[in-house]
Amino acid sequence: MSNKITTLFNIKYPIIQAGMIWCSGWELAAAVSNAGGLGIIGSGSMYPHILEQHILKCKDATDKPFGVNLPMLYPDIDKHIETIIKHKVPVVFTSAGNPKTWTSKLKEHGITVVHVVSSVKFAKKAEEAGVDAVVAEGFEAGGHNGRDETTTLCLIPKVAQEIKIPLIAAGGIGTGKAVLAALTLGADGVQIGTRFIASIESSAHENFKKVVVDANEGDTLLTLKELTPVRLVKNAFFEKIEIAQENGASKEEIEEILGRGRAKKGMFEGDLVEGELEIGQVSSLVTEILPAGKIVEEIIAEYKLALEEQKTDKYNF
Ligand code: NDP
Ligand code: NDP
């Protein structure tokens, strides 16, 4: 069986593992691709030579399609683009920037391009820029987040109405039931981040993986709205920002508190006090660290069960 997303990427299941800084290196990407989804290397935290290493190792570890996520704020983006083209990476997901900038160059080289958005307006802009699909990411998502705070439940049906290209839903999705809900709302596939952080193959620090497993409802919040809104775990660093905001700190003062490399400190080095810990609301549903292939398997099994359940009386009224 195939749908628009499995056909577009030539994969078995319409499940995409989000490109996540410090958490999704080649091992996770290859494991997800080998399991029938689309694995994505998160290049935003990689120096150019590190990205090259990860692409080469990913190619050695899987003969299936995989992708690279490219946040457009990345300082050495030209070098990343060169590496991606040189090594014929089949898929690129761009985010945090204007999709017009790189889409045509990547497509000239036969690369499938997807852009991540958080609103209908930007979904339409991405379609106009010629991307092959759009990821629409709702307010529940971890990390960088849209300013309008539109939830996945409200965002997906609206975007589905407004664009013709395939649509991937993200934000709050980590289970098979959520995949079915997203498809019901009009998406053709899903992008899952947080649940894959809690995988054996994720390059996240063990301390951070445990944070995902231990998180309860209400443990993450959106912050840093003066800079770029980002959903973080409410740890000591988060509270420091909150206190500064309550005391009327300026944008520059917030920037100074943030400093540099907070995400690495928290997610890669495992400093749960001073680091920035980017996870989504769905963390409250994640209960164990599993091999990524097993996570894909569980999601698909739960999806099929949920589909079957729709034949029962509960849905028949
Ligand atoms: P390898 O298993 O080949 O090597 C792991 C490397 O990462 C080692 O050099 C190790 O340094 C270092 N490392 C491991 N844990 C930590 C940590 N908590 N903090 C800092 N450094 C750590 O890994 P890969 O093939 O997966 O990675 C190749 C390169 O890519 C490495 O340089 C790695 O740091 C980097 N990487 C970057 C990611 C990112 O998102 N930017 C994600 C994953 C890896 P040592 O043995 O000296 O401790
Ligand atoms: P900071 O400016 O605080 O720090 C830069 C980090 O990126 C450092 O840890 C540095 O590693 C690493 N890095 C990798 N390559 C380079 C490079 N060429 N030049 C400078 N630093 C580099 O940024 P953040 O950690 O907050 O964000 C890093 C990237 O991730 C950005 O491109 C940002 O747009 C993206 N991002 C994406 C998110 C998303 O949700 N998609 C969320 C947050 C960030 P080292 O410490 O080893 O020098």
Side-chain angles (χ1 to χ4, degrees), residues 16-25 28-29 40-55 67-84 92-99 101-102 114-118 122 126 134-147 168 170-173 191-194 196-197 202-205 208 212 220 222-233 237-238 240-241 252 254-271 274-283:
I16 289 113
Q17 162 253 310
M20 298 169 286
I21 58 165
W22 298 114
C23 301
S24 62
L28 178 57
I40 298 192
I41 297 171
S43 74
S45 51
M46 297 182 177
Y47 282 91
H49 70 283
I50 297 283
L51 175 63
E52 185 160 37
Q53 279 179 30
H54 280 254
I55 291 172
V68 169
N69 171 251
L70 206 52
M72 287 177 168
L73 304 168
Y74 182 76
D76 282 324
I77 193 156
D78 301 46
K79 290 188 189 142
H80 270 5
I81 298 264
E82 252 174 56
T83 308
I84 286 164
V92 167
F93 278 43
T94 54
S95 56
N98 188 340
T101 323
W102 292 106
V114 180
H115 191 65
V116 184
V117 301
S118 57
F122 289 127
V134 156
V135 175
E137 187 177 75
F139 179 63
E140 299 91 323
H144 284 185
N145 207 302
R147 288 198 178 270
I168 298 161
I173 301 170
Q191 177 173 278
I192 296 177
T194 301
F196 283 116
I197 296 176
S202 152
S203 52
H205 193 280
F208 182 45
V212 175
T220 70
L222 215 62
T223 186
L224 294 172
K225 292 185 191 172
E226 308 82 346
L227 311 176
T228 316
V230 60
R231 180 178 296 284
L232 300 180
V233 172
F237 161 67
F238 176 97
K240 204 186 275 180
I241 297 282
E252 291 69 29
I254 298 283
E255 243 162 2
E256 207 177 310
I257 297 171
L258 174 64
R260 186 179 172 279
R262 286 266 180 193
K264 180 183 187 183
K265 199 189 269 282
M267 303 194 283
F268 198 60
E269 296 175 350
D271 183 339
E274 289 295 331
E276 195 177 320
L277 308 173
E278 302 179 5
I279 56 176
Q281 291 185 343
V282 76
S283 52

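Atoms within a ligand are numbered from 1 in the order they appear, just like the ligands themselves. Below, all heavy atoms of this structure are taken into account, side chains as well, without hydrogens, waters or symmetry copies.
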Checklist line | His144-ligand 2 polar pair, N/O distance under 3.5 Å | finding: yes
Note to self: Among Glu269, Arg260, Met20, Lys264, which one puts a heavy atom closest to atom 6 (C) of ligand 2?
What the structure shows: Arg260
Notebook entry, point to check: Is the shortest N/O to N/O distance between Asn69 and ligand 2 below 3.5 Å?
Noted result: no
Check: For atom 3 (O) of ligand 2, is the nearest protein heavy atom under 4.0 Å away?
Finding: yes
Margin query: Please check whether Gly261 reaches ligand 2 - meaning an N/O of the residue sits under 3.5 Å from an N/O of the ligand, judged on distance alone.
Written below: yes
Checklist line | Ser24 (side chain) donor-acceptor with Ile40 (main chain) under 3.5 angstrom | finding: yes
Item checked: Candidate with minimal heavy-atom separation from atom 7 (O) of ligand 2, of Gly143, Gly142, Gly44 -> Gly44
Check: Does any N or O atom in Glu278 lie less than 3.5 angstrom from one in ligand 2, N or O only?
Finding: no
Note to self: If we check side chain to side chain contact (heavy atoms under 4.5 Å, CB included) with Leu258, which of these qualifies: Glu255, Arg262, Glu256?
What the structure shows: Arg262
Notebook entry, point to check: Between Asn69 (side chain) and Phe93 (backbone), is there a donor-acceptor pair under 3.5 Å?
Noted result: yes
Item checked: Residue, atom name and distance, where the atom is the protein heavy atom closest to atom 27 (O) of ligand 2 -> Ile21 CD1, 4.2 Å
Notebook entry, point to check: Is a side-chain donor or acceptor of Asp271 paired with a backbone partner of Glu274 at a separation under 3.5 angstrom?
Noted result: yes
Next item on the list: Could you tell me how the ring of Tyr74 sits relative to the ring of His80: parallel (under 30°), tilted (30 to 60°) or perpendicular (over 60°)?
Entry: parallel
Margin query: To check your reading of the model: name the closest protein heavy atom to atom 26 (O) of ligand 2, its residue, and the distance in Å.
Written below: Ala263 CB, 4.6 Å
Note to self: Check whether Ser45 reaches the backbone of Ile21 with its side chain - one donor and one acceptor, N or O, closer than 3.5 Å.
What the structure shows: no
Checklist line | Proximity of Pro75 to ligand 2 by residue part, where a heavy atom lies under 4.0 Å | finding: side chain
Next item on the list: May I ask you to check whether Tyr74 has an N/O atom sitting below 3.5 Å from an N/O atom of ligand 2?
Entry: yes
Note to self: Between Arg231 (side chain only) and Thr223 (backbone N and O only), is there a donor and an acceptor less than 3.5 Å apart?
What the structure shows: no
Next item on the list: Check whether any side-chain N or O of Arg147 sits under 3.5 Å from a backbone N or O of Lys225 as a donor-acceptor pair, and report yes or no.
Entry: yes
Check: Which ligand 2 atoms, with their elements, are less than 4.0 angstrom from a heavy-atom of Asp76?
Finding: 18 (N)
Margin query: Looking at atom 24 (P) of ligand 2, tell me if a protein heavy atom falls under 4.0 Å from it.
Written below: no
Margin query: Donor-acceptor pair, distance only, cut-off 3.5 Å: does the side chain of Thr83 make one with the backbone of Lys79?
Written below: yes
Next item on the list: Taking atom types as modelled, find out whether Thr94 and His115 have a side-chain donor-acceptor pair closer than 3.5 angstrom.
Entry: yes
Checklist line | Taking atom 17 (C) of ligand 2 as the reference point, the nearest protein heavy atom with its distance | finding: Tyr47 CE2, 3.4 Å
Notebook entry, point to check: Would you say Ala96 contacts ligand 2, with heavy atoms under 4.0 Å as the rule?
Noted result: no
Next item on the list: Give yes if a backbone or side-chain nitrogen or oxygen of Trp22 is under 3.5 Å from a nitrogen or oxygen of ligand 2, and no if not.
Entry: no
